[in-house]
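All values below were derived from every heavy atom in this structure, side-chain atoms included, with hydrogens, water molecules and symmetry-related copies excluded.
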Amino acid sequence: MPIEIKCYATLADRAPADAAAFPVAPGETVLEVLTRLSIAEEDVKIAFVNGVISPLDRPLVDGDRVGVFPAVGGG
C-alpha cells in the first residue's frame, strides 16, 4: 500500500525517489519507515501523519501523508 512521505530541512536528502507513492506493508509504523530510509529516531524532532503530530510507533494505513522534521536551530 502506498503512502506519501516528505522529509524536511536536513532530512530532505533522505526522501525516496518514490516519495509520492512510497510502498509500505499494512501496519508498518512511522519508525519502521524511517529505519528503511536510514533516518535515525534521534534525528527526528517531530512527525506528522495527515497533518497531525503523531508518535513514531503509529501504524500507517493506505494513503497516509507523513512528514518528518529534524530539530532546527536558529539564532
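The two atoms that bring P55 and V30 nearest to each other are O-CG2, 4.3 Å, heavy atoms only. Residues P23 and D18 share a closest heavy-atom pair of CD-OD2, 3.4 Å. The nearest pair of heavy atoms linking V66 to L60 is CG2-CD2, 3.7 Å. The minimum heavy-atom distance between P59 and G27, with the atom names listed, is CB-O, 3.8 Å.
Note on ring orientation: taking the six-membered ring where Trp is involved, the planes of F69 and F48 are perpendicular (angle over 60°, cut-offs 30° and 60°).
Put simply, the side chain of I39 reaches to within 4.5 Å of the side chain of V44, judged on heavy atoms. Under the 4.5 Å side-chain criterion, counting only non-hydrogen atoms from C-beta, P70 is in contact with L11. Under the 4.5 Å side-chain criterion, counting only non-hydrogen atoms from C-beta, V33 is in contact with I5. Proximity of T29 to L56: side-chain heavy atoms (C-beta onward) are nowhere separated by under 4.5 Å. With contacts defined as side-chain heavy-atom distances shorter than 4.5 Å, the pair E41/L31 qualifies. Residues R36 and E28 have side chains in contact (heavy-atom distance under 4.5 Å, counting atoms from C-beta outward).
A donor-acceptor pair is defined here as one N or O able to donate and one able to accept, closer than 3.5 Å; such a pair exists between the side chain of R14 and the backbone of S38.
Between the CE atom in M1 and the CG atom in D64 there is a gap of 7.0 Å [rounded to 0.5 Å]. Annotation: the span from E32 atom CD to L37 atom CG amounts to 12.0 Å, rounded to 0.5 Å. Taking CG from N50 and CD from E4, the interatomic distance works out to 9.5 Å, rounded to the nearest 0.5 Å. Within the model, atoms CG of D43 and OG1 of T10 stand 7.5 Å from one another, a figure rounded to the nearest 0.5 Å.
Annotation: ring-ring contact (aromatic ring centres under 6.0 Å, His included) contacts involving residues 18-38, sequence neighbours excluded, are absent.
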